[in-house]
Amino acid sequence: MTFVDAITVLSDRFLRERTFELIVAPAIADLQYNGDEAATHRLGNRLLVAYAFACAVYEEATSDSSLLTFAALVIIPACYYTFLVMACAPPGAEWFDTSRGRVTVGIIISVLSLGPAIACYWPERQPPRAPGEAA
Amino acid sequence: VSEIRLPSVSVTESLLLDLLEGRERFGLDLVEAAKGRIKRRSIYVLLARMEAKGFVESRQEERGTDAAGLPRRLYRATSYGLKVRDAYRILQDALALKPAEAR
């Protein structure tokens, strides 16, 4: 899998078609247009594509209310369960002081928070894009 | 009473509209023409936001069927974008007047 393929696959998963078309695809086109440049320039162009992808994800997250709703649906129960664990943990329980205990509690809270949000509300996904296809 | 949202143009957007007035350009051409005033890493985000506002429009370049890679994108200013830019310039000029000059 090439760098462009990896960015395209990630875009298929996280970005809407229009966002990919307007922000990521032109950066990839520039990378391919300048394909025969020196290795340092190629690395710079790849970083620009990665930056364009990060900006596109940010644009999606701030413009699409469904993603914010999904984040809220995960964060609210996570805060609730974290508070519950902190309030109900037996005083002086050594289990919570170990890294294994903290990781286990973290996993349980993540599953309890993410599970219902994923089951009940999942942002709409776009159909996969064919390799090399921009629009 | 419904509130009217007025469009706004930043200095960078105004510069891009200047560069795109009456001609189509690629993103990289715009970065070169801006002579360091626009970063290459942020050009497509800026253009995407401007397109969402209706200030610019874009299309994919026409290429032969045997061309490899993704087609590049050509941008040009819309008449609405130029109108908003001109209106902002008039407003800036008016606000820059001193009270004595404004009489």
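In what follows, chains are A, B, ... by sequence order, proteins preceding strands, each numbered from 1.
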Are B:Arg41 and A:Leu47 close enough, and set up right, to give a side-chain contact (heavy atoms from CB on, under 4.5 Å), and what steps lead you there? CA-CA 9 Å; B:Arg41 63 173 181 262; A:Leu47 286 175; over 6 Å; no

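- Between A:Arg18 atom CZ and B:Glu51 atom CD the span is 5.0 Å, to the nearest 0.5 Å.
- Nearest approach of A:Glu59 to B:Val45, heavy atoms of both residues: OE2-CG1, 3.7 Å.
- Taken together through direct or relayed side-chain contacts under 4.5 Å among Ile, Leu, Val, Met, Phe, Trp and Tyr, A:Tyr51 and A:Val49 form parts of separate hydrophobic clusters.
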Could you please spell out the steps behind the side-chain contact (heavy atoms from CB on, under 4.5 Å) verdict for B:Arg72 and A:Ile28? CA-CA 9 Å; B:Arg72 291 190 296 159; A:Ile28 292 174; over 6 Å; no

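- Counting non-hydrogen atoms of neighbouring residues, nucleotides and ligands closer than 6.0 angstrom, the CZ atom of B:Arg25 exceeds 12 such neighbours.
- Nearest approach of A:Ala29 to B:Pro71, heavy atoms of both residues: CB-O, 3.6 Å.
- Of all heavy-atom pairs spanning B:Tyr44 and A:Pro26, the tightest one is CE2-CB, 3.3 Å.
- Both B:Leu30 and B:Leu46 belong to a common hydrophobic cluster when Ile, Leu, Val, Met, Phe, Trp and Tyr are linked at side-chain heavy-atom distances under 4.5 angstrom.
- With a 4.5 angstrom heavy-atom cutoff, A:Leu48 touches chain B only via side-chain atoms.
- Linking Ile, Leu, Val, Met, Phe, Trp and Tyr whenever their side-chain heavy atoms come within less than 4.5 Å puts A:Phe3 and A:Phe20 in one cluster.
- The two residues B:Leu70 and A:Gln32 have their closest heavy-atom pair at N-OE1, 2.6 Å.
- By the criterion of side-chain heavy atoms lying less than 4.5 angstrom apart, applied directly or through intervening Ile, Leu, Val, Met, Phe, Trp or Tyr residues, B:Phe26 is not grouped with B:Leu19; the two fall into different hydrophobic clusters.
- Across all their heavy atoms, B:Ala48 and A:Leu22 have their closest contact at CB-CB, 4.0 Å.
- Follow the hydrophobic side-chain contacts under 4.5 Å out from A:Leu112 and you never reach A:Ile76; the two are in separate clusters.
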